[in-house]
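Values reported hereafter were calculated over all heavy atoms of this structure, with side chains retained and with hydrogens, waters and symmetry mates removed. First the proteins, then the strands, lettered A, B, ... as listed; each starts at 1.
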Amino acid sequence: MTDDIWRLAADWFAENARDLPWRRPGTTPWGVLVSEVMSQQTPVKRVAPAWEAWLDRWPTPADLAAEPTGEAIRMWNRLGYPRRALRLHAAAVAIATDHDNQVPTTIAALEALPGIGTYTARAVAAFAHRQRHPVVDTNVRRVVARLAGRPDAGMATTPADLRAAEQLLPPGEEDAAVTSAALMEIGALICTARAPSCAECPLAAVCEWHASGEELPEGPSRKPQKYTGTDRHVRGLIMAVLREADLPVPRVSLDGVWHEAERRERALAGLVADGLVAVEDERYRLP
DNA sequence: AATTCGTGGAA
DNA sequence: TTTCCAAGAAT
């Protein structure tokens with residue numbers, strides 16, 4: 001039974017995969033890596049146009065590495081979590097410097113890059129280098145949990161999640177890579193968090209959660225995150241000002257973003273500490 | 001292990 | 001309108 005789950009997923013994927021730009025022929029490992037970092041906590045729909053612009057400007061890691069970090073931050077625009085842009089730039093420097101401008105092929109070397117964790121390392125190894133690894137993101141965790149009869153997975157990816165996903169993969173490397181992409185796609189399009197479309201799911205026949213009635217938990221599956229008025233909010237407001245500024249701005253130009261001076265100061269200090277903002281002669285700019 | 005870190009669209 | 005959360009990583 002479980003030995004042909006991967007085929008159900010892969011066959012469905014062959015017919016229903018979205019035409020995402022990084023899935024087109026000719027995409028380089030660098031292109032895959034950029035797509036994965038951009039997609040961390042950001043909807044793929046919003047990533048697509050940003051990815052095309054990024055790869056058009058910086059076709060290889062060395063092209064990005066040659067630029068100041070601020071250029072990466074500005075190009076990142078409103079994808080969110082701009083520290084990802086900083087880490088992607090740092091990863092480009094490491095690849096250009098230590099790996100002959102070639103994206104590493106081992107999990108260990110990939111995980112050693114800034115901003116590349118358990119998920120992204122395996123995604124790059126599988127989707128760029130066509131290796132056989134469990135690729136476990138929030139979609140795969142949810143699909144695997146439901147196959148086993150649970151309505152949702154835990155908060156973070158555990159070694160047990162990796163083992164569970166690995167069990168679903170076929171022996172062949174290429175088949176395994178396709179299967180991982182398929183499981184992610186099913187989670188993103190069919191087996192969604194709020195309103196799963198089990199009637200259209202290729203795995204419904206082998207899904208314990210579907211068999212047992214598709215009961216969803218009542219409350220939010222994560223703790224509700226406040227945003228308005230938080231440091232994160234104010235950091236975003238400050239970064240928006242600096243992204244738009246052509247020249248370094250004085251402190252007063254940042255005072256308008258939020259009414260509480262204390263929170264403004266804390267947000268700005270945090271951005272400077274993170275390397276997202278540079279201070280030059282009492283003025284502020286992207287680094 | 002629990003927090004922190006942006007942004008925007010859909011329900 | 002408010003709430004939820006979307007291809008996670010680092011600390």
* What nucleic acid atoms does A:Arg46 come within less than 4.0 Å of, heavy atoms only: base, sugar-phosphate, or nothing? -> base
* Asked: Hey, does the side chain of A:Tyr119 come within less than 4.0 Å of C:dA9's phosphate (OP1/OP2), counting only N and O?
  -> no
* **Closest listed nucleotide, where the reference is the side chain of A:Arg87 and the choices are B:dT7, C:dA10, B:dC5** => C:dA10
* Residue whose closest nucleotide on DNA chain C lies nearer the 5' end, A:Glu36 versus A:Arg194 -> A:Arg194
* Asked: Base, sugar-phosphate, or nothing: which does A:Arg18 touch, judged by heavy atoms less than 4.0 Å apart?
  -> base
* **No-hydrogen, no-angle side-chain donor-acceptor test under 3.5 Å, A:His129 and A:Gln131** => no
* Asked: Less than 4.0 Å between a side-chain N and a carboxylate O, is that true for A:Arg146 and A:Glu214?
  -> no
* OP1 or OP2 of C:dG8 sitting under 4.0 Å from any side-chain N/O of A:Gln40? -> no
* Using a 4.0 Å heavy-atom cut-off across all strands, classify A:Trp51 as base, sugar-phosphate, or nothing. => nothing
* Between C:dA7, B:dC5, B:dT7, spot the one nearest the side chain of A:Met184, thanks. => C:dA7
* Structure fact -> Between A:Thr228 and A:His233, the two heavy atoms sitting closest are CA-ND1, 3.5 Å
* Sugar-phosphate, base or nothing in reach of A:Ser35, heavy atoms under 4.0 Å -> nothing
* Quick one: label A:Gly117 by what it contacts on the DNA or RNA (base, sugar-phosphate, nothing), any heavy atom closer than 4.0 Å. => sugar-phosphate
* **Sugar-phosphate, base or nothing in reach of A:Ala195, heavy atoms under 4.0 Å** => nothing
* Distance in angstrom units between A:Ile116 CD1 and C:dT11 P, rounded -> 14 Å
* Structure fact -> Result for 5'-nearest mapping on DNA chain B, choosing between A:Met155 and A:Arg84, is A:Met155
* Calculate the interatomic distance between A:Arg141 atom CZ and C:dG8 atom P; express it in whole Å. => 8 Å
* A:Val44 or A:Leu113: which one's nearest nucleotide on DNA chain C is closer to the 5' end? -> A:Val44
* Mind checking A:Thr120 for me? I need base, sugar-phosphate or nothing, with any heavy atom below 4.0 Å counting as a touch. => sugar-phosphate
* Distance between the P atoms of B:dC5 and C:dA7, in whole angstroms? -> 23 Å
* Asked: When we call it a touch if two heavy atoms are under 4.0 Å apart, what does A:Arg83 touch: a base, just sugar-phosphate, or nothing?
  -> base
* To do: Take A:Glu208 and A:Arg150 through the salt bridge (Lys or Arg N to Asp or Glu O under 4.0 Å) test and state the conclusion after the steps.
  => CA-CA 8 Å; A:Glu208 290 191 25; A:Arg150 285 172 281 119; over 6 Å; no
* To do: Determine the interatomic distance between P on C:dT11 and the same-named atom on B:dG6; round to the nearest Å.
  => 14 Å
* Structure fact -> Taking C:dA7, B:dT7, C:dA9 as options, the one with an atom nearest any side-chain atom of A:Thr118 is C:dA9
* How is A:Leu79 classified with respect to the nucleic acid when contacts are heavy atoms under 4.0 Å: base, sugar-phosphate, or nothing? -> base
* Asked: Rounded to the nearest Å, what distance is computed from the CE atom of residue A:Met38 to the P atom of nucleotide C:dA9?
  -> 16 Å
* Asked: For A:Arg23, which contact category applies under a 4.0 Å heavy-atom criterion: base, sugar-phosphate, or nothing?
  -> base
* Asked: Does any N or O donor sit under 3.5 Å from an N or O acceptor when you compare the side chain of A:Thr42 with the base of B:dG8?
  -> no
* Report yes or no: do A:Thr230 and A:Arg235 form a side-chain donor-acceptor pair below 3.5 Å? => no
* Asked: Does a side-chain N or O from A:Arg235 land closer than 4.0 Å to OP1 or OP2 of B:dG6, or not?
  -> yes
* Asked: ring pair (Phe, Tyr, Trp, His ring centres under 6.0 Å) between A:Trp76 and A:Trp54: does it pass, once the steps are laid out?
  -> CA-CA 8 Å; A:Trp76 197 256; A:Trp54 191 282; 5.8 Å; yes
* Have a look at A:Leu20 and say if it touches a base, only the backbone sugar-phosphate, or nothing, with a 4.0 Å heavy-atom cut-off. => base
